[in-house]
Structures are given as structure tokens and as C-alpha cells.
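For the single chain, residues carry numbers from 1 onward in sequence order. Every number for a ligand or one of its atoms is a count from 1 in the order of the listing.
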Amino acid sequence: MSGTTLDLAREAVRAIARYAPDAGPQCTVDVSDNTNLWGMPPAALRALQASPNVAGARYPALYGTELKEAVARYVGHGVAAEQVVAGCGSDDVLDAAMRAFGEPGSRIAYMVPTFSMIPVFGRLNGMVPVEIPYDPSSWDLAAERLLEARAAITYLCAPNNPTATGVSRAALEQVVRGAEGIVVVDEAYAEFTDTTAVDLVASHERLLVTRTLSKAFGLAGLRVGYGVASPTLAGLVERAIGPYKVNAIAERCALATLAPGADGLDWVRAHAALAVETRGRLAARLQELGLAPLPSTANFVLVPHPRAVAIGAALRDRGILVRAFGSLAVCGPALRIGVGPWEQMTTLCDALAEVLATIESEGSSR
Ligand SMILES: *Cc1c(COP(=O)(O)O)cnc(C)c1O
């Protein structure tokens, strides 16, 4: 035998660290991951509790046929079930799209900062990331520069994680029309805004719109995501994704949530509306504290602050977990705060006020 086991691994795998955001099992308020802080929809909880023995003992549907039908009805715009691909979270769909369309050595282009898994999945799939910084005066797509990259995959995130900002329809259409390769529009936060690219799928065979049941739908622990595209593109991503990716219990809960009714889809829509209303109240409180959150179109806000990491650590000491970034592209250090029930928001803001006062007094005594 020669070399270590580590040496046997693919270079892309050796180069990538495990995903390790700050954990906080002891935290009473965890607003760090943009999930639904009101919890699971009641219809999903009932489906979970009522799942029969066979749902665990037998394999699920090969490619989630029933789920795809329900998703097609939900997204509207004339989308048919054959245009939907379902996965183990939308992460799975994004990863499979790269496997399907990203020949090793080809480019994936995207604006930064964006969803942290994109460069990770890109590199793991042998792709070369091309990162284009956002212009912070507009937070819109630099459409020309994205097109100039002539990438196999152009990834757009709207609303964008972690900035929460939206993109203009004009720039989005320019990229979708002009791109040589496929365009992926990640709409993980679609339910918190009134714009979508799903209507463009009918006229653009190379467009994939991904969405998830992890955010507004409150099912992050069950791992269900999907993509919407032309039948050809969806079929290719489905080949790359492979069978049995949505487990049987998750599919049952997803179907219950996507069903019309007070405990399913209506619950999701009502809580998304509540999140939108609460994000306005939260942004106002943060501004009163002298902070400058970016304009949000999602269920979280990003607050650039030079001492973001220290603030995040001090909040964690007080049992509150936010996502603290040390150095985001364009934004620098920043805190990402998920929007949830107002009492959690006031607990957070009260603690933040104390922490800011301490940090400012430290700063002035130096
Ligand atoms: C949370 C998130 C996802 C991943 O969601 P899963 O469906 O849970 O894998 C994808 N894209 C963005 C931008 C996200 O913020």
C-alpha cells in the first residue's frame, strides 16, 4: 500500500470542509437557519403521526409521482407533473442539476455573496466557480457579466440567501434569454415575495427553477425539495438524481401540506404572510438600534456590522443563535436573522440592544 487513505480521496473532496455553522442546542431562540419558526403545519404533523407501518418498511415511490402532481398544481402557470423533479431537499436537486449539466472542468457562474452550498456542490461536481460580486447600490444581477462567463450553469438566487434581496425581472429575463448553458433560479424563499421565474419555464427549455419545503412549508427536517423545468430538462435532472430520494414519510407529510385546507396550504400561506409582516416590524426595531438591515424579500434579514462575529458570540452566550458571517463578499461581516413569532423577535432585539451597548462601550474605552 502506498499513500494514506486521505490521498486516495478525490482532490475536490479533500479540499472541502464539512458544513459546520455554529450549533446551539442550548439556545432558547434559534433564528440561524431561515426555517419556519412557527413549526410544522398541523396537516403534516397529523400525516407524520398517522403514517402506517408499511410506509417505513417498504420503498417509497420511485420518483415521487404523487408529490410531483401536487407540486404541479401548487406552482400553477400550467406546469405539468412531468415538468417537476423531486429530491431530498432542493440541495439534492441543485447537486443533481450540476451532475447532469456540469461536465468536470466546466464553469458555474453566480453572483456573490450567495447560498454557501453552491461553490461546494460546484467543486464537488468538478465545476469551476465564476463569482461575480453584487453591486450593493442595487443588489441586482450583473446580467452582462454573468452572460460573459459563458458558463455551463448560471445560478441565480431570488430572493438571495444570505442578503435577502430580490432581483429585477428585466435582469433575470436577460440572463435566461441570453445564457448558453442552463440557468438555475433558486426560489427557496418564493413564498415570501411576489415574484417568480416559473412562468418563464414554458418558453425557456433550459431554465430550471428550484424550490423547497424546508422554509415556508416548515418541513426542513423531512428534506423535500423540487425543481420545475421543461420535460426534457426535468427528465435529465431526474436521471442524475436517481430513484427513492423522497422518503415515504416525507412524501406523505408533503402531500398533506400541499393539500388545500386550513391546516395545509392555507396554514403555509398565512404564516408566510405573518413572516412578511413581522420582518417589517423586525427591520424597524433593528433600525431603532442603529443597525442597517438590507431590504428583505425573504423570511430573514441581513445586517452588516463590523463586529458581527463578536455580537453573534455574545448573543449565543445569552441563549440566542443567529448566523454570524465573518467576511461575506461585498457585505463584509454580517448577521443573518430569521423572522419568527414576535416574542422571539423581541427577546432577540432586547438581547441585541444589551450586546450592542457593551460592544460600543468597549470600543469607546479603547
Ligand atoms: C435553505 C436553502 C436551500 C436548501 O433547502 P433544502 O431544500 O432544505 O435543501 C436552497 N437554496 C437556498 C438559497 C436556501 O437558502
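- The distance from the CG atom of Leu302 to the OG atom of Ser296 is 9.5 Å, given to the nearest 0.5 Å.
- Summary of contacts: the protein heavy atom closest to atom 11 (N) of ligand 1 is Asp186 OD2, 2.6 Å.
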> Do Arg336 and Asn161 pass the side chain to side chain donor-acceptor pair (under 3.5 Å) test, and can you show the C-alpha distance, the side-chain angles, and the key distance before you say yes or no?
Replying inline: CA-CA 9 Å; Arg336 194 188 62 195; Asn161 181 6; 2.9 Å; yes
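- Close approach of ligand 1 to Thr212 is summarised as follows: ligand atoms under 4.0 Å from at least one heavy atom of the residue are 5 (O), 6 (P), 7 (O), 8 (O).
- Residue-level proximity to ligand 1 for Ala220 is absent, since no heavy atom of it falls below 4.0 angstrom.
- Under 3.5 Å, the side chains of Glu187 and Thr196 contain a donor-acceptor pair of N or O atoms.
- Interface atoms of ligand 1 facing Gly89, defined by a heavy-atom separation under 4.0 Å, are 6 (P), 7 (O), 9 (O).
- Listed by atom number, the atoms of ligand 1 under 4.0 Å from Arg223 heavy atoms are 6 (P), 8 (O), 9 (O).
- Ion pairing between a basic and an acidic side chain is recognised when a charged N comes within 4.0 Å of a carboxylate O; Arg285 and Asp350 show such pairing.
- Near Asn161, the atoms of ligand 1 lying under 4.0 angstrom from a non-hydrogen atom of the residue are 13 (C), 14 (C), 15 (O).
- Nearest protein heavy-atom contact of atom 4 (C) of ligand 1 is Asp91 OD1, 3.2 Å.
- A salt bridge links Arg318 with Glu354: the closest approach of a Lys/Arg side-chain nitrogen to an acidic carboxylate oxygen falls below 4.0 angstrom.
- Taking each of Lys215, Met117, Glu187 in turn, the one with a heavy atom nearest to atom 2 (C) of ligand 1 proves to be Lys215.
- A centroid separation of 6.0 Å or more is found between the aromatic rings of Tyr155 and Phe115.
- When only non-hydrogen protein atoms are considered, atom 5 (O) of ligand 1 lies nearest to Ser90 OG, 3.3 Å.
- A donor and an acceptor atom, one from each side chain of Asn34 and Asn299, are nowhere located under 3.5 Å apart.
- The protein non-hydrogen atom at the shortest distance from atom 15 (O) of ligand 1 is Tyr189 OH, 2.6 Å.
- Close approach to Cys157 involves these atoms of ligand 1, each under 4.0 Å from a residue heavy atom: 13 (C).
- No salt bridge links Arg73 with Glu69; every basic N to acidic carboxylate O contact stays at or beyond 4.0 Å.
- Counting heavy atoms under 4.0 Å from ligand 1, residue Ser214 touches it through the side chain alone.
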